[in-house]
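Hydrogens, waters and symmetry mates are skipped; everything else that's a heavy atom, side chains included, is used.
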Amino acid sequence: MEKETTNYQLILSKLESKASLKQEIYRNTIDVFAVAKKALSKIASRLHQDYHAKDPSVEVAYRDAHQFEAELKFSGDMLLLSMHSNVFNFEEGHRVFSSSYVKADPSLSYCGVIYIHNFLADSIKYNRLADEGTLIARILVNKQKRFIVEGEGQLGFLFESFSDSEISEEILTHIFELAILDCMDTDLQLPPYAAVKDI
């Protein structure tokens with residue numbers, strides 16, 4: 001009976017140290033994702049306003065797909081923003097564990113995740129399920145709303161350790177602008193003929 005009580009107390013302790021922590025991070029990530037949607041929507045409005053008169057055939061549009069997803073279409077590309085509903089920790093040996101910030105409080109390494117993918121706009125429009133998208137970056141948000149970004153190009157090194165302050169709309173706008181530039185710098189390439197001749 002004493003062992004059962006000990007196990008039960010351990011369960012209560014883990015609920016306090018992990019379950020409540022993860023719920024807090026989930027709520028933080030929801031908050032950050034709402035700000036991210038706002039930032040992406042503003043970028044879409046500015047691009048539409050500044051470029052539509054030059055060439056109205058280049059479509060720029062924002063769509064709030066649902067609670068965990070938003071889209072920015074710019075010409076033939078689609079930036080797809082999505083939030084994972086779970087909370088993660090880094091793999092053992094990751095560089096975050098060597099930072100004084102995480103060493104002082106190991107619970108700071110747990111993060112919610114916001115993904116930034118690039119798809120061809122037509123893949124979404126025509127529901128081409130075999131088309132692949134590319135992960136441009138992922139934004140990792142902890143219980144203090146401090147963040148790391150892992151990604152391509154500048155997004156692979158600009159925000160590689162936890163920020164000194166909370167993530168903001170201004171920072172998110174900067175991240176999205178870099179992601180858009182990365183999409184625009186990546187052209188479609190025809191696969192070798194021999195690789196696609198069989199259907």
Over all atoms of both residues, closest heavy-atom pair of [X] and [Y]:
X    : Y    : answer
V87  : K22  : CG2-O, 3.5 Å
Q144 : L108 : CD-CD2, 3.6 Å
F97  : S109 : CE2-OG, 3.5 Å
K37  : A70  : CG-CB, 4.0 Å
A44  : A61  : CB-C, 4.4 Å
S85  : F68  : CB-CZ, 4.3 Å

In the single-linkage hydrophobic clustering (I, L, V, M, F, W, Y; side-chain heavy atoms under 4.5 Å), do [X] and [Y] co-cluster?
X    : Y    : value
L135 : I116 : no
F162 : I171 : no
F176 : M184 : yes
Y115 : Y26  : no
L172 : I180 : yes

Should I167 and I139 be marked as a side-chain contact (heavy atoms from CB on, under 4.5 Å) after you check the CA-CA gap, both sets of side-chain angles, and the distance that decides it? CA-CA 10 Å; I167 196 163; I139 304 167; 3.8 Å; yes
About how many Å separate [atom2] of [Y] and [atom1] of [X], when rounded to the nearest 0.5 Å?
X    : Y    : atom1 : atom2 : result
S82  : H66  : OG    : NE2   : 8.5 Å
R63  : S41  : CZ    : OG    : 13.5 Å
E160 : F157 : CD    : CZ    : 8.5 Å

Run Q9 and L12 through side-chain contact (heavy atoms from CB on, under 4.5 Å) and show every step you take. CA-CA 5 Å; Q9 293 304 320; L12 288 175; 4.0 Å; yes
With side chains defined as the heavy atoms from C-beta onward, is the minimum distance between [X] and [Y] less than 4.5 Å?
X    : Y    : answer
V32  : I114 : yes
Q67  : F33  : no
E169 : K42  : yes
I43  : E177 : yes
I25  : T29  : yes

Can S107 and K143 be said to form a side chain to side chain donor-acceptor pair (under 3.5 Å), step by step? CA-CA 8 Å; S107 70; K143 71 177 185 179; 2.8 Å; yes
Would the number of heavy atoms belonging to other residues, nucleotides or ligands and lying under 6.0 Å from [atom1] of [X] be above 12?
X   : atom1 : result
D55 : CG    : yes
K38 : NZ    : no
E91 : CD    : yes
R95 : CZ    : yes

Pair R138 + E150, salt bridge at N-O below 4.0 Å: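 So R138 pairs with E150 through a salt bridge.
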Any salt bridge linking E166 with R146? Criterion: basic side-chain nitrogen under 4.0 Å from a carboxylate oxygen.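 Looking at E166 and R146, the cut-off is not met.
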Criterion side-chain contact (heavy atoms from CB on, under 4.5 Å) on L80 and L72, from CA distance to verdict: CA-CA 7 Å; L80 182 68; L72 171 63; over 6 Å; no
Aromatic plane relationship, H117 with F119 - under 30° parallel, 30 to 60° tilted, over 60° perpendicular: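 If you compare the ring of F119 with that of H117, the planes turn out tilted.
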Ignoring hydrogens and angles, tell me if any N or O in the side chain of K73 forms a donor-acceptor pair with the backbone of S75 under 3.5 Å.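 Yes, K73 side chain to S75 backbone: donor-acceptor pair under 3.5 Å.
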Scan side-chain atoms only and decide if Y101 and N142 contain a donor-acceptor pair under the 3.5 Å cut-off.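 Result is yes, a qualifying pair exists.
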How about N118 and T134: does a side-chain donor come under 3.5 Å of a side-chain acceptor?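 Their side chains do not contain a donor-acceptor pair, so the 3.5 Å distance test is not met.
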Under 6.0 Å between ring centres: does that hold for F159 and F147?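 Centroid distance F159-F147: below 6.0 Å, so yes.
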For side-chain contact (heavy atoms from CB on, under 4.5 Å), just list the numbers for C183 and I136, CA-CA rounded to whole Å, side-chain angles, deciding distance to a tenth of an Å, and then say yes or no. CA-CA 8 Å; C183 294; I136 302 290; 4.1 Å; yes
